[in-house]
Amino acid sequence: MIRSGSRLFTVTSDSVPVYGETFRRSGSRLMREWVARRSKLATAILKGFRGLPAGLGEMLYLGGASTGTTVSHLSDIYPPRSRIFAVEVALEPFSRLLRLAERRSNIYPPVLDDASFPERYSFFLEAPDLIYQDISQRNQVQIFMWNADHFDSVREAIFILKATSINSREKPPQRVLERAITEFEGSGWKVLNVIDLSPPNARNNYLMHLRR
């Protein structure tokens, strides 16, 4: 991963664009731009997030696949022996992920399913050590808890909190964030970092780095 001013790049061996991103060469290296407005994780990194594990065995990636932006850059960052396992409930993003997995050895064929039911896809995984979740459902914190409880090998997580999706009218976003922190800490998770992702991403989205 390479930062150049306000732009972020990952070194890749795949010259096929995933979401219309630009490529550049630096010597023998082919680099893809990781566009921050298309990826909450890229935004967080440009805002100072340094919590991506240096090594990765198996990652459980829940929702938010969209065009495969973040998944593809994580695939660039981690070696072929790592495994990224994505669960996606929407058919169109699932189809894009499937095509991406055909070209990337460290992306497992995704599963078309609801992340609320980890028991339905748990037999595909061995022992994930990281959960990345980006889900817009109102019970997004509970969905994370169900998966974290089901996969007790997970010790670290990157959680995208979408405060407006949880409560769009009754509570201010800061209160939603505070309650989420309380829920995580009450379930044995330490909140290591919280990064406000706006701008360039939508308001009231936060990246939370968790560890237990």
Donor-acceptor contacts under 3.5 Å from residues 201-210 side chains, at least two apart:
| unit_1 | atom_1 | unit_2 | atom_2 | d |
| --- | --- | --- | --- | --- |
| Asn201 | OD1 | Thr43 | OG1 | 2.6 |
| Asn204 | ND2 | Thr164 | OG1 | 3.1 |
| His209 | NE2 | Glu156 | OE2 | 2.6 |

Step-by-step side chain to side chain contact (heavy atoms under 4.5 Å, CB included) determination, Leu112 to Leu91: CA-CA 7 Å; Leu112 183 65; Leu91 184 57; 4.0 Å; yes
Stepwise side chain to side chain contact (heavy atoms under 4.5 Å, CB included) check, Trp34 with Met1: CA-CA 9 Å; Trp34 195 353; Met1 189 164 50; 3.7 Å; yes
From CA spacing to verdict: side chain to side chain contact (heavy atoms under 4.5 Å, CB included), Trp146, Val141: CA-CA 9 Å; Trp146 288 330; Val141 174; over 6 Å; no
Side chain to side chain contact (heavy atoms under 4.5 Å, CB included) between Val89 and Ile135, intermediate numbers included: CA-CA 10 Å; Val89 71; Ile135 289 175; over 6 Å; no
Asp114 and Arg120: CA distance, side-chain angles, deciding distance, salt bridge (Lys or Arg N to Asp or Glu O under 4.0 Å) verdict: CA-CA 9 Å; Asp114 186 339; Arg120 298 204 302 223; 5.3 Å; no
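Hydrophobic clustering (side-chain heavy atoms under 4.5 Å, transitive across Ile, Leu, Val, Met, Phe, Trp, Tyr) groups Leu60 together with Phe123. Under the 4.5 Å side-chain heavy-atom criterion for Ile, Leu, Val, Met, Phe, Trp and Tyr, Met145 and Val194 are members of the same hydrophobic cluster. At a threshold of 4.5 Å between side-chain heavy atoms, the hydrophobic network of Ile, Leu, Val, Met, Phe, Trp and Tyr places Phe144 and Val176 in one connected group. In the hydrophobic clustering of this structure, Leu8 groups with Tyr78; members are Ile, Leu, Val, Met, Phe, Trp, Tyr whose side-chain heavy atoms approach within less than 4.5 Å, directly or through other members. Hydrophobic clustering (ILVMFWY, side-chain heavy atoms < 4.5 Å, transitive): Leu41 and Ile77 are in one cluster.
Asp129 places a side-chain N or O within 3.5 Å of a backbone atom of Gly57 that can act as its donor or acceptor partner. Side-chain N or O atoms of Arg138 include one that pairs as donor or acceptor with a backbone N or O of Ile166 at under 3.5 Å. With Glu33 contributing its side chain and Thr10 its backbone, the two residues share no donor-acceptor pair below 3.5 Å. The backbone N or O of Ser72 sits less than 3.5 Å from a side-chain atom of Arg104, completing a donor-acceptor pair. The main-chain N or O of Asp152 is found under 3.5 Å from a side-chain atom of Arg155 such that the two form a donor-acceptor pair. Side-chain N or O atoms of Gln137 include none that pairs as donor or acceptor with a backbone N or O of Asn139 at under 3.5 Å. The main-chain N or O of Val71 is never found under 3.5 Å from a side-chain atom of Ser75 such that the two would form a donor-acceptor pair.
Between Ile143 and Ala115 the shortest heavy-atom distance is CG2-O, 3.6 Å. Across Asn106 and Pro79, no two heavy atoms sit closer than the pair ND2-O, 3.4 Å. In plain terms, the two heavy atoms of Ala86 and Leu97 that are nearest each other are CB-CD1, 3.8 Å. The nearest pair of heavy atoms linking Val16 to Glu21 is O-OE2, 4.4 Å. In terms of heavy atoms, Leu125 sits closest to Pro128 at CD2-CG, 3.8 Å. Leu46 and Ser6 make their closest contact through CD1-O, 3.6 Å (heavy atoms, listed as atom of the first residue, atom of the second, distance).
Using modelled atom types and a 3.5 Å distance limit, the side chains of Ser187 and Arg212 yield no donor-acceptor pair. Side-chain contact check for Thr70 and Ser39: at least one donor-acceptor pair (N or O, by modelled atom type) lies under 3.5 Å. For the residue pair Asp14 / Thr12, no side-chain donor-acceptor distance below 3.5 Å is found, with atom types taken as modelled.
Within the structure, side-chain hydrogen bond (donor to acceptor under 3.5 Å, both in side chains) contacts touching residues 45-58 (residues at least two apart or in different chains) are Glu58-Arg83.
Ring planes of Tyr121 and Phe151: parallel class, angle under 30° (limits at 30 and 60°).
Side-chain contact between Ile158 and Phe49 is present, with at least one heavy-atom pair separated by less than 4.5 Å. Put simply, the side chain of Val111 reaches to within 4.5 Å of the side chain of Phe85, judged on heavy atoms. Using a 4.5 Å heavy-atom threshold, the side chains of Asp134 and Lys40 count as touching. Residues Tyr61 and Ile107 are not in side-chain contact: their nearest non-hydrogen atoms beyond the backbone lie 4.5 Å or more apart. Side-chain contact between Arg25 and Met31: absent, with no pair of heavy atoms (C-beta onward) separated by less than 4.5 Å. The shortest distance between side-chain heavy atoms of Leu130 and Leu56 falls below 4.5 Å. Using a 4.5 Å heavy-atom cutoff, the side chains of Thr22 and Arg7 are in contact. Counting heavy atoms from C-beta outward, Pro110 and Val87 have side chains that stay 4.5 Å or more apart.
Phe159 has its ring centre less than 6.0 Å from the ring centre of Phe184. The distance between the ring centers of His73 and Tyr19 falls below 6.0 angstrom.
Within a 6.0 Å sphere centred on CD of Glu92, heavy atoms belonging to other residues, nucleotides or ligands number 12 at most.
Atoms CD and CD, from Glu183 and Glu178 in turn, are 12.5 Å apart once rounded to the nearest 0.5 Å. Summarising the geometry, atom OG belonging to Ser15 is positioned 6.5 Å from atom CG belonging to Leu30; distances are rounded to the nearest 0.5 Å. Interatomic distance, CG of Leu197 versus CZ of Arg37, reported as 15.5 Å (0.5 Å rounding). Atom-to-atom distance recorded for Glu119:CD and Asp113:CG is 9.0 Å, nearest 0.5 angstrom.
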